[in-house]
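Here's the structure, in structure tokens; my notes come after.
It should be emphasised that the depicted structure is a prediction, and the values quoted were computed from it without experimental measurement. Sequence positions, counted from 1, serve as the residue numbers for this chain.
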Amino acid sequence: MKKILLALGLVFSATFLFAQQTSFPVNGSFDTRPGMFAFTNATIVVNANQTLTNATLLIKGQTIQAIGAGLAVPKGYVVIDLKGKFIYPSLVDAFSSYGLNEAPVQQRGFGGQRQSIFVSTKKGAYGWNEAIRPETYVKSIFSTDSKKADELRKVGFGSVNVINRDGIARGVSAAVTLNEGTDNSVFLKDQTTANYSFNKGSSSNDYPTSLMGSIALLRQTYYDAQWYGKQKDEYNISLDEFGKQQTIPQIFEVDGWQNILRADKIGKEFGKKYIIKSAGDEYQRINEVKSTGASLIIPLTFPKAYDVEDPAEARNITLSQMKGWELAPTNPAALEKAGIKFALTAFGLENSRDFWANIRTAIENGLTEKQALQSVTEIPASLLGISDKVGSLEKGKVANFLISSDNLFKNGNIIFENWVQGKRFVVNKMDVSDVRGAYNLNIDGVGALTLKITGTGGGSTAVIERVGVDSVKTTATFTRNGDWVSINFNLKKNPKGDIRLSGYITSANPVTIKGESALADGTTGKFTATYKEAAKETPKKRSLRLLWPWDL
């Protein structure tokens, strides 16, 4: 009996120890065998300074095992022949609110609407002003968001630095991957940076009410923390945490070049060198910004073109607004030329799909591809202290990488897959359907047309005709990125003006393209293009041809 009990005990102990390899319960069969994949015959961009041709990447589970040209594939690996496609490190965003709820905005009354609040209403041994909240740790409030993660993965991001954007002293951010699964499984580093701003956020306190007040409050907090560290008479959670966070990197969010200089002045006063998340207008005072010595995180939120067709509206647009629209895309190039270290962020974009269009616009305005790649991979990883895990492709690092059709910054490049922590996420199918042919096209508010897609590479040119009537030429653009299709054209005499179509290939039998339409008057709607037959002509130029009643 003793032998039986001993045997059962050993079995139980072994089972318990095996289960301890993960701290989270698994619903279903428990299988810890790592996936082993060999990606062969690829052009592998290890980092901005090293590219391998006809190379192989080996991953096992979540980790890169080896990388190199002429690398032998060990037994047991699943071989994926990429046939000349490209592998890049997944992108890293140093500034994101991914996985956090938006901070509520406090309703602030005036006069007799409510009683003034001068001290914190938080229960506990916290500081006196609610805008000072260094005790907030992202790791305690973060939760994965599958929809937002999918959106960012499609752009090419594999990891982000999550920041709580609430308050003047905002607490500590955390770096996570964009993998799916439990919150426990995505953390790269639970404490990356301490964070600051001049915006008091959701604080219910009346003070501060101005930029000058925010500066005064932050400076006073530094002095209070210095005093607090030398005394033993009281305990203050906020000051205690504020003091502890002075040894980690510091990110300061500002809304213009003027506040870069103000933040830097505070940093110099207290011996801090901030990483500054700026607004993208540094080109206006590039020498002054350079003199701060600060590293920057800059957005790609370029102003949209102003509508100047209406003379009355045009008079309301200032010269500075027009110059801002013209010069904003030159900002990354100006920073590179000045030798300022900077990372690029997708934060602030209305639509994440604009990221690549805007980064290519920046390249057209002087930004080099090498700097662009560093600014979305190596530099943000270095600023956050996670370059030992992500930002480049090296043995031992996390298996975060992209598979693309061509150079990542080339117009028309297709991101096929984004692997995050060794898990495959399909962005566009590698066996992209050939979309050449004639389609029945229906656009809300426009009517029935015939769309003809011709050209090479599965489709590169578009022609549109009025159903049942000979066509008339009109200029247009046709862009395809994997399953994503975009058609822009102007109807000239048509009072509706420009028409923009953007959508996805939703099925292959028959090929169907569905998406959103936008007219010049601001009207939006839907469009559907359904394959009808093979196209009979191949125009030499990328154009749209159309005949409308008002063209006759």
Y283 backbone acceptor or donor facing W257 side chain under 3.5 Å: no

Nearest-0.5 Å distance, CD of residue E151 to CG of residue L178: 10.5 Å

- prompt: Which atom names give the shortest non-hydrogen contact between A131 and K200, and what distance separates them?
  reply: CB-CB, 3.6 Å

message: Whether the E282 and N331 side chains hold a donor-acceptor pair (N or O, under 3.5 Å, no angle test) is what I'd like checked.
response: yes

- request: Could you go through the side-chain hydrogen bond (donor to acceptor under 3.5 Å, both in side chains) check for S159 and T177 one step at a time?
  value: CA-CA 4 Å; S159 53; T177 72; over 6 Å; no

- prompt: For G256 and A279, which heavy atoms make the closest approach, and how far apart are they?
  reply: N-CB, 3.8 Å

query: Taking everything shown except K514 itself, do over 12 heavy atoms lie less than 6.0 Å from its NZ?
result: no

Pairs involving residues 396-406, ordered by first then second residue, that meet salt bridge (charged side-chain N to carboxylate O under 4.0 Å, His left out) (sequence neighbours left out): E394-K397, D406-K410

message: Do S238 and E135 pair up side chain to side chain, a donor and an acceptor below 3.5 Å, judged on atom types alone?
response: yes

- prompt: Does the side chain of K273 come within less than 4.5 Å of D264's, by heavy atoms?
  reply: no

field: Option passing salt bridge (charged side-chain N to carboxylate O under 4.0 Å, His left out) with D150 (candidates K147, K148, K154)
entry: K154

message: Any salt bridge linking E180 with R153? Criterion: basic side-chain nitrogen under 4.0 Å from a carboxylate oxygen.
response: yes

message: Is it the case that the side chain of Q245 and the backbone of P134 share a donor-acceptor pair, with hydrogens and angles ignored and the cut-off at 3.5 Å?
response: yes

- prompt: Is a donor on one side and an acceptor on the other found under 3.5 Å between the side chain of Y88 and the backbone of I403?
  reply: no

task: On the 0 to 90° scale, with breaks at 30° and 60°, tag the F242-Y196 ring pair as parallel, tilted or perpendicular.
output: perpendicular

query: Side chains of I286 and I340: does their closest heavy-atom pair fall under 4.5 Å?
result: yes

field: Whether T345 side chain and F95 backbone form a donor-acceptor pair below 3.5 Å
entry: yes

message: I need the minimum non-hydrogen distance between G422 and I59, along with the two atoms involved.
response: CA-CD1, 4.2 Å

Short side-chain donor-acceptor distance under 3.5 Å, N161 and T192: yes

- request: Determine the interplanar angle of the F39 and W419 rings, folded into 0 to 90°, and report it as parallel if under 30°, tilted if 30 to 60°, perpendicular if over 60°.
  value: perpendicular

message: Rounded at 0.5 Å granularity, tell me how far CZ in F252 sits from CZ in R170.
response: 8.5 Å

message: Do P89 and F401 make a side-chain contact, defined as non-hydrogen atoms from C-beta onward lying under 4.5 Å apart?
response: no

message: Within the structure provided, determine whether I87 and L82 are in side-chain contact (heavy-atom separation under 4.5 Å).
response: yes

message: Is a donor from one side chain sitting under 3.5 angstrom from an acceptor on the other, for N199 and S197?
response: no

- request: Examine distances only and state if a side-chain atom of Q250 and a backbone atom of I248 form a donor-acceptor pair shorter than 3.5 Å.
  value: yes

query: Should we count CZ of R500 as having more than 12 external heavy atoms under 6.0 Å?
result: no

Within 6.0 angstrom of K268 NZ, more than 12 heavy atoms from elsewhere: yes

- request: Could you tell me whether the side chain of Y222 reaches within less than 4.5 Å of the side chain of I266, counting heavy atoms only?
  value: yes

- prompt: For residues 62-71, which residue pairs qualify under side-chain hydrogen bond (donor to acceptor under 3.5 Å, both in side chains), counting only residues two or more places apart or in two chains?
  reply: Q62-Q421

query: Under 4.0 Å between a Lys/Arg side-chain N and an Asp/Glu carboxylate O for K341 and E336?
result: no

task: Give the minimum heavy-atom separation between S96 and F347, together with the two atoms involved.
output: CA-CD1, 4.3 Å

query: For T40 and T56, does a side-chain donor sit closer than 3.5 Å to a side-chain acceptor?
result: no

query: V176 versus Y98: any side-chain heavy-atom pair under 4.5 Å?
result: yes

query: For atom NZ of K139, is the number of surrounding heavy atoms from other residues, nucleotides or ligands below 6.0 Å larger than 12?
result: yes

Would you tabulate the side-chain donor-acceptor contacts of residues 290-303 under 3.5 Å, counting partners in other chains and residues two or more places apart, or write 'none'?
residue : atom : partner : partner atom : Å
K290    : NZ   : A338    : O            : 3.0
S291    : OG   : E288    : O            : 2.5
T292    : OG1  : V289    : O            : 2.6
T292    : OG1  : A294    : N            : 3.2

message: Tell me if the NZ atom of K272 is crowded by more than 12 foreign heavy atoms within 6.0 Å.
response: yes

task: Can you measure from OG1 (T377) to CG (N400) and round to the nearest 0.5 angstrom?
output: 12.0 Å

- request: Compare all side-chain heavy atoms of F342 with those of Q371 and state whether any distance is below 4.5 angstrom.
  value: yes

- request: Check the pair L239 / T221 against side-chain contact (heavy atoms from CB on, under 4.5 Å), numbers first and verdict last.
  value: CA-CA 8 Å; L239 293 179; T221 303; 4.3 Å; yes

message: Check whether N418 reaches the backbone of L402 with its side chain - one donor and one acceptor, N or O, closer than 3.5 Å.
response: no

Atom pair OG1 (T361) and CD1 (I363), whose distance is rounded to the nearest 0.5 Å: 9.0 Å

task: Check whether any side-chain heavy atom of F142 lies under 4.5 Å from a side-chain heavy atom of F187, and answer yes or no.
output: yes

message: Taking the basic N atoms (NZ, or NE/NH1/NH2) and the acidic carboxylate oxygens, is any pair closer than 4.0 Å for D240 and K244?
response: yes

query: Between S202 and D166, which heavy-atom pair has the shortest distance, and what is it?
result: OG-OD2, 2.6 Å

task: Compare every heavy atom of L367 with every heavy atom of A372, then report the nearest pair and how far apart it is.
output: CB-CD2, 3.8 Å

